[in-house]
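A quick write-up on the structure given underneath.
Just so it is clear, the structure is predicted and the values come from calculations on it, not from any experiment. Count residues from 1 along the sequence.
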Amino acid sequence: HRDLHSFPTRRSSDLWQVTSENLGATAVAVREATGLPTIYFPSNPEAITNKVDGMFFMSILNSTDPLFISHGHALVAPYVKRMGVETIPMAYIIVEPGMTVGRVTKARLVGRDDIGAAVGFALAAQYLGHRLVYLEAGSGADHPVKPEMIAAVKKAVDIPLIVGGGIRTPEAAEAARKAGADVIVTGTFVEKESDEAVLRAVVSAAKGIRYGRGVQAANLAAGADVPHPRGEGRRDQSPPQGGGEEVPLPSAKDRKSVV
C-alpha cells in the first residue's frame, strides 16, 4: 500500500525539492517576468499548486509501476479539480537510455532502434485520448531520440509530438525538428549552459529560425520589432492569474491508499 508521501521525490542531497510552495512561487515569478502562461510538468503528487495556468496530466505508458500509469493520478485528481487548474492529458514514453526518470519510474525502456514499439505506444496514447505524446530519452542523455523514430511516430499519430532528452546542440535540435517534432525540450541544457549565444543557437534551431546576435543587431538597426528572448515586450499584456481555489493536499489522517 502506498500513499501520497511514499511517492518518489528528489533526494535530500539534491539542490532543492519541488514542493507546492516553491512551485507556486516559481510559477508566479515566471509569469511576472515573461507575461506568458505557466504550464507545470509534474514531478510528484505532493507538488501541485493553483498558481500555475495549466499542468500536464501525464501517464508514463511504458512504466511497470501502476503508480506512474494511473494510480498516482487517481490520488491527486480530486484536488486538481478543486484547484481549477487546466489539465492537459499527455502520454510519456521513455526511450533508451532513459536516465533517472527511467529508473525511478521502473520503465521498460523502448530501445533506441525499436521504432515499432515507439509507434505502438504513441498510437495507444492517441487512442486512449491523450492530447500530446512525449518521446523522452532522459535528462542528460548522451544521445537524443533518433530522427528515424521521431519521423515514424509523427507519421503514425495525429496529435502533437514532443521530443526531449540529450538535445544540446543546434544540429540535434534541427534534426529533431526536421524529423517532425512539434515541440523540443531542452531542460537540462538550458539549466547548465551559461553562454547566451549557444542557448539562442539551439533554441533557434529548434524553431527553425535564424536568431543570432548578428541577425538581431541587423534587425534592430533596420527598425524591425525584435521580441526580447525573455519576453519583456509582452509585459503590457495582462498576465494570466493561475487556477482556482488553493486546496490543501490530503493530510496523514485522510489520505487513502491508491494501490
**Asked** Taking the side chain from S63 and the backbone from T105, do they hold a donor-acceptor pair closer than 3.5 Å?
**Response** yes
**Prompt:** Out of curiosity, K192 NZ to L199 CG, how far, rounded to the nearest 0.5 Å?
**Reply:** 13.5 Å
**Item:** salt bridge (Lys or Arg N to Asp or Glu O under 4.0 Å) against E174, all qualifying residues, sequence neighbours excluded
**Value:** R177, K178
**Complete:** Taken to the nearest 0.5 Å, the spacing of Y40 OH from K51 NZ works out to 15.5 Å
**Request:** May I ask you to check whether R108 and T64 show a side-chain donor-acceptor distance below 3.5 Å?
**Result:** no
**Item:** Nearest non-hydrogen partners of V52 and A27, listed with the distance
**Value:** CG1-CB, 3.7 Å
**Request:** Can you see which heavy atom on N62 is nearest to which on I94, and at what distance?
**Result:** ND2-O, 2.9 Å
**Message:** The criterion is salt bridge (Lys or Arg N to Asp or Glu O under 4.0 Å); which residues satisfy it with D182, sequence neighbours excluded?
**Reply:** K154
**Prompt:** Does the N50 side chain pair with the main chain of G84, one donor and one acceptor, at a distance under 3.5 Å?
**Reply:** no
**Request:** Spell out, as yes or no, whether a donor-acceptor pair under 3.5 Å connects the side chain of R31 to the backbone of T26.
**Result:** no
**Item:** Aromatic ring proximity, centroids under 6.0 angstrom, Y92 and F41
**Value:** yes
**Request:** Check the pair I162, M90 against side-chain contact (heavy atoms from CB on, under 4.5 Å), reporting the backbone distance first and the verdict last.
**Result:** CA-CA 10 Å; I162 303 173; M90 179 171 73; 3.7 Å; yes
**Prompt:** Under 3.5 Å, is there a donor-acceptor pair between the side chain of T186 and the main chain of F189?
**Reply:** no
**Message:** I need the minimum non-hydrogen distance between L161 and G180, along with the two atoms involved.
**Reply:** CD2-O, 4.4 Å
**Prompt:** Roughly how far apart are Q126 CD and L132 CG, rounded to 0.5 Å?
**Reply:** 11.5 Å
**Asked** Taking E96 for the side chain and A137 for the main chain, is one N or O donor matched with an acceptor at less than 3.5 Å?
**Response** no
**Item:** Hydrophobic cluster membership, L135 vs I60, 4.5 Å side-chain cutoff
**Value:** no
**Message:** How close do G164 and E136 get, counting heavy atoms only, and between which atoms?
**Reply:** O-OE1, 3.2 Å
**Request:** Tell me, please, which residues at least two apart from F57 pass ring-ring contact (aromatic ring centres under 6.0 Å, His included).
**Result:** H73
**Fill in**
d(H71 NE2, S59 OG) to nearest 0.5 Å is 10.0 Å
**side-chain contact (heavy atoms from CB on, under 4.5 Å) evaluation trace for V80 with T87** = CA-CA 8 Å; V80 173; T87 57; 3.6 Å; yes
**Prompt:** Quick one: do V133 and I88 end up in the same hydrophobic cluster if we chain Ile, Leu, Val, Met, Phe, Trp and Tyr together by side-chain heavy atoms under 4.5 Å apart?
**Reply:** no
**Prompt:** Do R200 and E196 come close enough that some side-chain heavy atom pair is under 4.5 Å?
**Reply:** yes
**Complete:** Between the CG atom in D114 and the CG atom in L109, the distance rounded to the nearest 0.5 Å is 11.0 Å
**Message:** If you compare all heavy atoms of A181 against all heavy atoms of V163, which two are closest, and at what distance to 0.1 Å?
**Reply:** CB-CG2, 3.7 Å
**Asked** Looking only at heavy atoms, which two atoms of L23 and I48 are closest? And how far apart?
**Response** CD2-CA, 4.1 Å
**Message:** Using 0.5 Å steps for rounding, measure from the CE atom of M83 to the OG atom of S20.
**Reply:** 6.0 Å
